[in-house]
**Student:** 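Below you'll find the structure I mean.
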Protein chains: 2
Amino acid sequence: MQDAETLAEQPPAGADEERPANSREKGLNRVLHILEFLHANQRAIGVGELAKGLNAPRSTTYTLVRELVEAGLLEMAGDGNRVYFGKKLYLYGMAYMRGNDLLRRGRQEVDTLSRETGETSELCMLQSGRYTIVHSSPGTRPFRISSATGLQIPLPWTASGRLLLAGLDRGRIEAMVTQDDLVLPDGRKIELDDFIDDIGKARVTGYCVTSGLVDAYTKCLAAPVFSAPGKVEATMCLVVPIDTSEDRTGELLTVLRERAARLSIS
Amino acid sequence: MQDAETLAEQPPAGADEERPANSREKGLNRVLHILEFLHANQRAIGVGELAKGLNAPRSTTYTLVRELVEAGLLEMAGDGNRVYFGKKLYLYGMAYMRGNDLLRRGRQEVDTLSRETGETSELCMLQSGRYTIVHSSPGTRPFRISSATGLQIPLPWTASGRLLLAGLDRGRIEAMVTQDDLVLPDGRKIELDDFIDDIGKARVTGYCVTSGLVDAYTKCLAAPVFSAPGKVEATMCLVVPIDTSEDRTGELLTVLRERAARLSIS
DNA sequence: AGTATCTGTCCTGTATATCATACATGCGTC
DNA sequence: GACGCATGTATGATATACAGGACAGATACT
């Protein structure tokens, strides 16, 4: 990092991307980072730790946090030092849900799907270019396969990712996938071309199954939810043990696709 | 447009506070106002309309909205002009709920309570000095008495308000209640002293019933939820027709208080 | 045609929000 | 007691985010 500084001032430089420096940052941006940080850590965090974690000046962090707490977007946690999300965010979130048929109905479908099948079921959407688990309902197996709502995962790691990108042209797909995204947790690398092929296939077949991508023990079945003909707005998916039989997988897939289709009517 | 201006150009008014001028406003504040405005209107709103509604310069509003959309806190609604809450807010809201036992369990209790009794049931909390319906579950009556989640109502209008302020001294209560709050929708005025008396009584009896305050047709039964001995963190309440018999009211009150007490253990 | 009212972008000056620094307090450990 | 490392507050300097207005394009009504 020091190299950059030693070199010289940073004039506008390259035509692309603004990375002026470490100088002043807009308050709003700082706030957005604070929220992201809290979301990533899923727990109350002290103001000092926040400032450190975001490379933000302490003084600014204090004022911003105070303002956010006053506004109700954040709340002081028990000991009066740490902060976490506040009621206002919950209220806004519920308002979003109320205004969003797809989400509201999708949550129900997912819940009943996992109750009926006993498997973990999820509703997934594209969220600023990333795959996001919007709602998940754990299965009834003794050892549950569960993942946190709001978790963001590289698109190429998932079956849903392949469906969510169906219909996009190569350029847009490339823009959404970084090199890191193509490397699986176990180190294997997915070729971009293979990924794009998969997307094409998924688009045609109307579903997608992946095995042992995110981890070695699970298989992922996904079906698209359309908001308009050809436009994939979300996916429903089932996460099952990788040794699930062909037959059962087929059955599950049928139920899954049925429910996803029902959601699409909207 | 003239009305809007007359409305908004409110000089300091009663409660002192800093209202230096109409000059520059912080971006973050503008954003907070945007969120509040959307929440108040419960629908997607065009950028121009937003700017007008908030007395904010158009140019600033455009940039802020763009940033918020990029961040995922807001989303463009269908026609590409209006904006409303975004998925991020939903995700943050869910994170808040996960991290908040009381809320999570309270929602369940409210749902089962309204299923058992057939009456509309609500979970209420204090939110930056105002009474807020955090979760509500409609009853099964042919004509439902329902109110929107997130709605904020003056404390003196409600039974829950009397419980939520239990334990606070007179000064703090006065600080939370404006003159306007003491005037009911039908024009009647509540005396501050009476209100404070009510709070004292509610505190002792451990419940509160009000009749025909917000409207002429409903009665409101409320019971406190404690987060620590003496500290009222929330209330559960039932909204029933005003002509509900004494007997039934008594029964409902018993069930309500039982459930509220169970929530309090935490 | 003209007029009016939208939307969205771009530019410039300046009021000010951000930042660095310093200070007060608390709470450990040596 | 002296030191280190926290948290929280206060202050002044300056880079910059905001306000305001000009601009181009759309839509609509006369």
Side-chain angles (χ1 to χ4, degrees), chain A residues 1 4-5 8-13 15 18-35 37-38 43-71 73-84, chain B residues 1-5 8-9 17-35 37-38 43-71 73-84:
Chain A
M1 315 175 166
E5 293 168 17
E9 327 298 292
Q10 303 260 47
E18 44 227 306
R19 211 82 324 239
N22 46 354
S23 51
R24 268 170 174 219
E25 262 241 315
K26 233 165 122 167
L28 177 53
N29 281 332
R30 295 248 117 104
V31 167
L32 296 176
H33 291 146
I34 289 174
L35 296 176
F37 193 79
L38 289 175
R43 63 186 178 85
I45 296 191
V47 185
E49 195 182 343
L50 250 185
K52 204 168 288 175
L54 298 171
N55 276 94
R58 256 162 28 89
S59 54
T60 308
T61 310
Y62 270 103
T63 39
L64 290 179
V65 166
R66 181 172 25 241
E67 286 170 352
L68 290 173
V69 169
E70 268 167 30
L73 294 209
L74 299 185
E75 274 173 26
M76 299 297 227
D79 63 355
N81 173 25
R82 294 155 204 283
V83 291
Y84 196 52
Chain B
M1 357 163 119
Q2 294 76 357
D3 326 346
E5 289 167 19
E9 295 296 330
E17 285 304 319
E18 45 226 305
R19 210 77 334 229
N22 47 354
S23 51
R24 270 166 169 225
E25 262 247 319
K26 235 165 118 163
L28 176 52
N29 281 332
R30 294 247 118 103
V31 167
L32 296 177
H33 291 147
I34 289 174
L35 296 176
F37 194 78
L38 290 175
R43 65 186 177 84
I45 296 192
V47 185
E49 196 182 342
L50 250 185
K52 203 167 288 177
L54 300 170
N55 275 91
R58 254 160 32 88
S59 55
T60 308
T61 309
Y62 269 104
T63 44
L64 290 178
V65 165
R66 183 173 25 243
E67 286 170 353
L68 290 173
V69 169
E70 268 166 29
L73 293 208
L74 299 186
E75 274 174 26
M76 298 297 227
D79 63 356
N81 173 24
R82 294 155 204 282
V83 290
Y84 196 52

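Chain letters run A, B, ... following the sequence lines, proteins first, then strands; residues in each count from 1. Just so it is clear, the values below take in all heavy atoms, side chains as well, and ignore hydrogens, waters and symmetry mates. As the structure is a computational prediction, the values presented were derived from the model and not from experiment.
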**Student:** A/R58: which residues meet the side-chain contact (heavy atoms from CB on, under 4.5 Å) condition with it, sequence neighbours left out?
**Tutor:**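 Once residues adjacent in sequence are excluded, the partners of A/R58 under the side-chain contact (heavy atoms from CB on, under 4.5 Å) criterion are A/A51, A/Y62.
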**Student:** Considering only C/dT14, D/dG8, C/dA17, which nucleotide approaches the side chain of B/K26 most closely?
**Tutor:**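 Closest of the options to the side chain of B/K26: C/dA17.
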**Student:** How long is the gap from CG on B/L28 to CG on A/N29, to the nearest 0.5 Å?
**Tutor:**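 B/L28 CG to A/N29 CG: 11.0 Å, rounded to 0.5 Å.
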**Student:** Which is true for B/R66 with a 4.0 Å heavy-atom rule: it touches a base, it touches only sugar-phosphate, or it touches nothing?
**Tutor:** sugar-phosphate
**Student:** On a heavy-atom basis, which atom in A/L64 and which in A/G27 lie closest, and how many Å separate them?
**Tutor:**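 The pair with the smallest heavy-atom distance is CD1-O, 3.9 Å.
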**Student:** Taking atom types as they are modelled, would you say the side chain of A/R24 forms a donor-acceptor pair with the base of D/dA15 within the 3.5 Å cutoff?
**Tutor:**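 Between D/dA15 and A/R24, which were checked side chain against base, a qualifying N/O pair under 3.5 Å is present.
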**Student:** Can you name the residues that form a side-chain hydrogen bond (donor to acceptor under 3.5 Å, both in side chains) with A/K52, not counting sequence neighbours?
**Tutor:**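 Not a single residue meets the side-chain hydrogen bond (donor to acceptor under 3.5 Å, both in side chains) criterion with A/K52.
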**Student:** Roughly how many Å is it from CG in B/L50 to P in C/dC6, rounded to a whole number?
**Tutor:**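 Going from CG in B/L50 over to P in C/dC6 covers 15 Å.
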**Student:** At how many degrees, to 10°, do the end axes of the helix from C/dG8-D/dC23 to C/dC30-D/dG1 meet when each uses five pairs?
**Tutor:**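 Answer rounded to 10°: the end axes differ by 40°.
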**Student:** For B/L54 and D/dA19, what is the distance between atoms CG and C1' respectively, to the nearest whole Å?
**Tutor:**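 One finds 15 Å between C1' of D/dA19 and CG of B/L54, rounded.
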**Student:** Specify the separation, in whole Å, of atom CD of B/E25 and atom C1' of D/dG20.
**Tutor:**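 Answer to the nearest Å: 16 Å.
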**Student:** Where along residues 57-65 of chain B does a heavy atom fall under 4.0 Å from DNA chain D?
**Tutor:** B/P57, B/S59, B/T60
**Student:** Find the distance B/K52:NZ to C/dT7:P and express it as a whole number of Å.
**Tutor:**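 Taking atom P of C/dT7 as the reference, NZ of B/K52 is at 7 Å.
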**Student:** Would you tabulate the pairs of protein nitrogen or oxygen atoms and nucleotide nitrogen or oxygen atoms of nucleotides 27-29 of chain D closer than 3.5 angstrom?
**Tutor:**
none

**Student:** Is any side-chain heavy atom of B/L54 closer than 4.5 Å to one of B/T61?
**Tutor:**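 Of all side-chain heavy-atom pairs linking B/L54 with B/T61, none is under 4.5 Å.
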**Student:** Got a second to check how far B/E75's CD is from B/Y84's OH, nearest 0.5 Å?
**Tutor:**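 Nearest 0.5 Å value for the CD-OH distance: 11.5 Å.
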**Student:** Side-chain N or O of B/N29 less than 4.0 angstrom from OP1 or OP2 on D/dC18?
**Tutor:**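 Result: no.
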**Student:** Could you walk me through whether A/M76 and A/V83 pass the side chain to side chain contact (heavy atoms under 4.5 Å, CB included) check?
**Tutor:** CA-CA 4 Å; A/M76 299 297 227; A/V83 291; 3.5 Å; yes
**Student:** Looking only at the side chain of B/R30 (C-beta and beyond, no hydrogens), which of the listed nucleotides D/dG8, C/dG8, D/dC18 gets closest?
**Tutor:**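 The answer is D/dC18.
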**Student:** For B/E70, which residues count as a side-chain contact (heavy atoms from CB on, under 4.5 Å) partner, sequence neighbours excluded?
**Tutor:**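 For B/E70, the residues satisfying side-chain contact (heavy atoms from CB on, under 4.5 Å) (neighbours in sequence not counted) are B/R66.
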**Student:** Applying side-chain hydrogen bond (donor to acceptor under 3.5 Å, both in side chains), can you list everything that pairs with B/E67, at least two apart in sequence or on another chain?
**Tutor:** A/K26
**Student:** Could you tell me the separation between the CZ atom of B/R82 and the CG atom of B/L50, rounded to the nearest 0.5 Å?
**Tutor:** 10.5 Å
**Student:** Taking the nucleotide of DNA chain D with the nearest heavy atom to each, does A/G27 or A/G80 sit closer to the 5' end?
**Tutor:**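 So the residue in question is A/G80.
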**Student:** Drop me the distance from A/L73's CG to A/L38's CG, to the nearest 0.5 angstrom.
**Tutor:**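 If I round to the nearest 0.5 Å, the distance is 11.0 Å.
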**Student:** Between A/E49 (CD) and D/dA6 (P), how many Å, whole number?
**Tutor:**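 Taking atom P of D/dA6 as the reference, CD of A/E49 is at 11 Å.
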